[in-house]
Amino acid sequence: MNLSNSSETSNREPSERDLSKLCVHTITTKPWPIEEAARRFSASGIGGITVWRDALAGRDIKQTGQLLRDQNLSIVSLCRGGFFPHTEAAGRQVAIDDNKRAVDEAFALGAPLIVLVCGADPGQSLSESRKQIQDGITAVLPYAEAAGVKLAIEPLHPMYADSRSAINTLHQANDMAEALHSPWVGVAVDVYHLWWDPTLEREITRCGKNKNLFAFHICDWKTPTTDFLNDRGLMGEGCINIRQIRGWVEATGFTGFSEVEIFSNRYWSEDQALFLEKIKHGYLHHS
């Protein structure tokens with residue numbers, strides 16, 4: 001692979017970049033309540049925040065959205081919707097209803113996008129789960145469109161194909177977004193889940209050409225990793241060539257945020273203020 005498609009931004013020296021296009025997920029600094037996270041992100045010059053639904057528990061969502069905007073943070077997205085597949089029709093309806101609630105939450109918060117962790121059911125075939133995912137998004141789509149909220153299909157690493165997502169490659173996500181054929185449905189590209197894919201550059205190009213590239217998530221894959229869910233690394237701490245992938249993303253014309261999404265028992269146990277400084281350094285020097 002070569003770097004010839006990397007954008008000018010990707011080749012900038014760290015000193016030439018700022019943090020205005022850095023977004024941090026609330027799950028990344030999970031020990032902080034959303035109010036403290038917003039204050040700390042804003043004070044650091046970070047431009048965006050993606051809100052996980054658990055961070056909104058017990059709060060007035062509309063007021064929380066205003067609090068984030070008052071801190072000069074762009075609300076990039078709401079995480080997460082999805083989990084559509086189920087062996088029983090009643091379970092599939094529960095999922096559709098929950099996704100409609102997520103749309104209501106995104107609307108109240110002022111989030112323009114919901115990231116979909118699409119789900120899978122080990123009691124049925126992957127092909128059946130994929131069909132149910134497409135059917136579920138189809139059922140939610142008119143509700144989301146009426147609220148002005150986009151839906152982003154996030155492909156997950158194949159290790160999660162049993163129960164977290166039957167969408168495991170960007171090719172599959174592109175196929176589904178194109179089949180649904182709506183400006184309100186696109187794709188979220190997460191380097192943790194996709195860095196290994198030999199077709200990644202081509203599929204990112206395809207995604208951008210179809211105007212389906214809605215979100216870009218970053219972290220790193222540690223070697224060795226101690227937990228496939230909760231041992232993600234800081235940018236520069238692992239084996240993912242994040243800067244190269246960002247070059248491919250930006251070559252499509254994508255001008256959105258780089259969203260730091262790190263699940264880490266180790267980092268959650270640390271001083272979150274120091275962790276945030278590490279996030280900023282990793283973004284500036286290794287992404």
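Values below: all heavy atoms of this structure, side chains included; hydrogens, waters and symmetry mates excluded.
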*Asks:* Verify the distance criterion only: is there a donor paired with an acceptor across the side chains of Asp104 and Tyr143 at less than 3.5 Å?
*Replies:* yes
*Asks:* Taking the six-membered ring for Trp, are Phe228 and His157 ring centroids under 6.0 Å apart?
*Replies:* no
*Asks:* Given Arg92 and Glu88, is the salt bridge (Lys or Arg N to Asp or Glu O under 4.0 Å) satisfied, shown in steps?
*Replies:* CA-CA 7 Å; Arg92 296 194 291 275; Glu88 301 293 334; over 6 Å; no
*Asks:* Might you work through the salt bridge (Lys or Arg N to Asp or Glu O under 4.0 Å) test for Arg266 and Glu270, ending with a clear yes or no?
*Replies:* CA-CA 7 Å; Arg266 171 189 167 192; Glu270 291 188 1; 3.7 Å; yes
*Asks:* Examine the side chains of Gln66 and Asp70 and answer whether a donor and an acceptor come within less than 3.5 Å of each other.
*Replies:* yes
*Asks:* Check whether the side chains of Asn212 and Glu178 place a donor and an acceptor atom closer than 3.5 Å, and report yes or no.
*Replies:* no
*Asks:* Measuring only between side-chain heavy atoms, which start at C-beta, is Pro85 closer than 4.5 Å to Ile133?
*Replies:* yes
*Asks:* Using every non-hydrogen atom in the two residues, find where Gly256 and Lys21 come nearest and quote the distance to one decimal.
*Replies:* O-CD, 3.9 Å
*Asks:* Do Leu116 and Ile114 have side chains that approach each other closer than 4.5 Å (heavy atoms only, starting at C-beta)?
*Replies:* yes
*Asks:* Say you draw a straight line from CG of Leu156 to CD of Gln172; how long is it, rounded to the nearest 0.5 Å?
*Replies:* 11.5 Å
*Asks:* Please confirm whether the backbone N or O of Thr225 pairs with a side-chain atom of Asp231, one donor and one acceptor, at under 3.5 Å?
*Replies:* no
*Asks:* Does the salt bridge (Lys or Arg N to Asp or Glu O under 4.0 Å) test come out yes or no for Arg101 and Glu105, once each step is laid out?
*Replies:* CA-CA 6 Å; Arg101 282 193 295 274; Glu105 292 167 11; 5.8 Å; no
*Asks:* How many angstroms lie between atom SG of Cys118 and atom CZ of Arg164, to the nearest 0.5 angstrom?
*Replies:* 13.0 Å
*Asks:* Identify the two heavy atoms, one from Cys219 and one from Ile242, that lie closest to each other, and give their separation to 0.1 Å.
*Replies:* O-CD1, 3.0 Å
*Asks:* When you group the ILVMFWY residues by side-chain heavy-atom contacts below 4.5 Å and let the links chain together, are Ile279 and Val191 in the same group?
*Replies:* yes
*Asks:* For the residue pair Arg17 and Tyr283, would you count it as a cation-pi contact if the rule is NZ or CZ under 6.0 angstrom from the ring centre and within 45 degrees of the ring axis?
*Replies:* yes
*Asks:* Does some side-chain heavy atom of Val185 sit less than 4.5 Å from a side-chain heavy atom of Lys150?
*Replies:* no
*Asks:* Side-chain donor-acceptor pair under 3.5 Å between Ser287 and Ser258, yes or no?
*Replies:* no
*Asks:* Run the ring pair (Phe, Tyr, Trp, His ring centres under 6.0 Å) test against Tyr192 and tell me which residues pass, sequence neighbours left out.
*Replies:* Trp221
*Asks:* Passes side chain to side chain contact (heavy atoms under 4.5 Å, CB included), Leu56 versus Val51? Steps please.
*Replies:* CA-CA 8 Å; Leu56 298 173; Val51 178; 3.8 Å; yes
*Asks:* A side-chain contact here means heavy atoms from C-beta on lying under 4.5 Å apart; do Phe263 and Ile27 qualify?
*Replies:* yes
*Asks:* For salt bridge (Lys or Arg N to Asp or Glu O under 4.0 Å), just list the numbers for Glu203 and Arg206, CA-CA rounded to whole Å, side-chain angles, deciding distance to a tenth of an Å, and then say yes or no.
*Replies:* CA-CA 5 Å; Glu203 290 298 324; Arg206 173 189 173 192; 2.9 Å; yes
*Asks:* Please find the pair of heavy atoms, one from Ser44 and one from Leu276, that lie closest to each other, and give the distance.
*Replies:* OG-CD2, 3.6 Å
*Asks:* Using a distance-only test with no angle check, is there a side-chain donor-acceptor pair under 3.5 angstrom linking Gln132 and His86?
*Replies:* no
*Asks:* What distance separates Phe257 CZ from Leu22 CG, expressed to the nearest 0.5 Å?
*Replies:* 8.5 Å
*Asks:* For residues Ile46 and Val24, report the shortest heavy-atom separation together with the two atoms involved.
*Replies:* CD1-CG2, 4.0 Å
*Asks:* Where is the tightest heavy-atom contact between Val187 and Ala177, given as atom of each residue plus distance?
*Replies:* CG2-CB, 4.2 Å
*Asks:* Return yes if a side-chain donor-acceptor contact under 3.5 Å exists between Gln272 and Thr29, otherwise no.
*Replies:* no
*Asks:* Do Val249 and Leu213 touch side chain to side chain, with heavy atoms closer than 4.5 Å?
*Replies:* yes
*Asks:* Could you check whether the rings of His25 and His217 sit parallel, tilted or perpendicular, using 30° and 60° as the cut-offs?
*Replies:* perpendicular
*Asks:* Side chains of Asp197 and Thr169: is there a donor and an acceptor less than 3.5 Å apart?
*Replies:* no
*Asks:* Give me the atom names and distance for the closest heavy-atom approach of Ile75 to Gly110.
*Replies:* CB-O, 4.2 Å
*Asks:* Which residues pass the side-chain hydrogen bond (donor to acceptor under 3.5 Å, both in side chains) test with Ser165, sequence neighbours left out?
*Replies:* none
*Asks:* Answer yes or no: is there a side-chain heavy-atom contact under 4.5 Å between Cys23 and Val260?
*Replies:* no
*Asks:* Check whether any side-chain heavy atom of Asp220 lies under 4.5 Å from a side-chain heavy atom of Leu234, and answer yes or no.
*Replies:* no
*Asks:* Assigning hydrophobic clusters by single linkage (Ile, Leu, Val, Met, Phe, Trp, Tyr; side-chain heavy-atom cutoff under 4.5 Å), is Leu194 placed with Phe214?
*Replies:* no
*Asks:* Could you check whether any side-chain heavy atom of Arg59 comes within less than 4.5 Å of a side-chain heavy atom of Ile34, counting everything from C-beta outward?
*Replies:* yes
*Asks:* Between Ser42 and Asn72, do the side chains contain an N or O donor and an N or O acceptor separated by less than 3.5 Å?
*Replies:* no
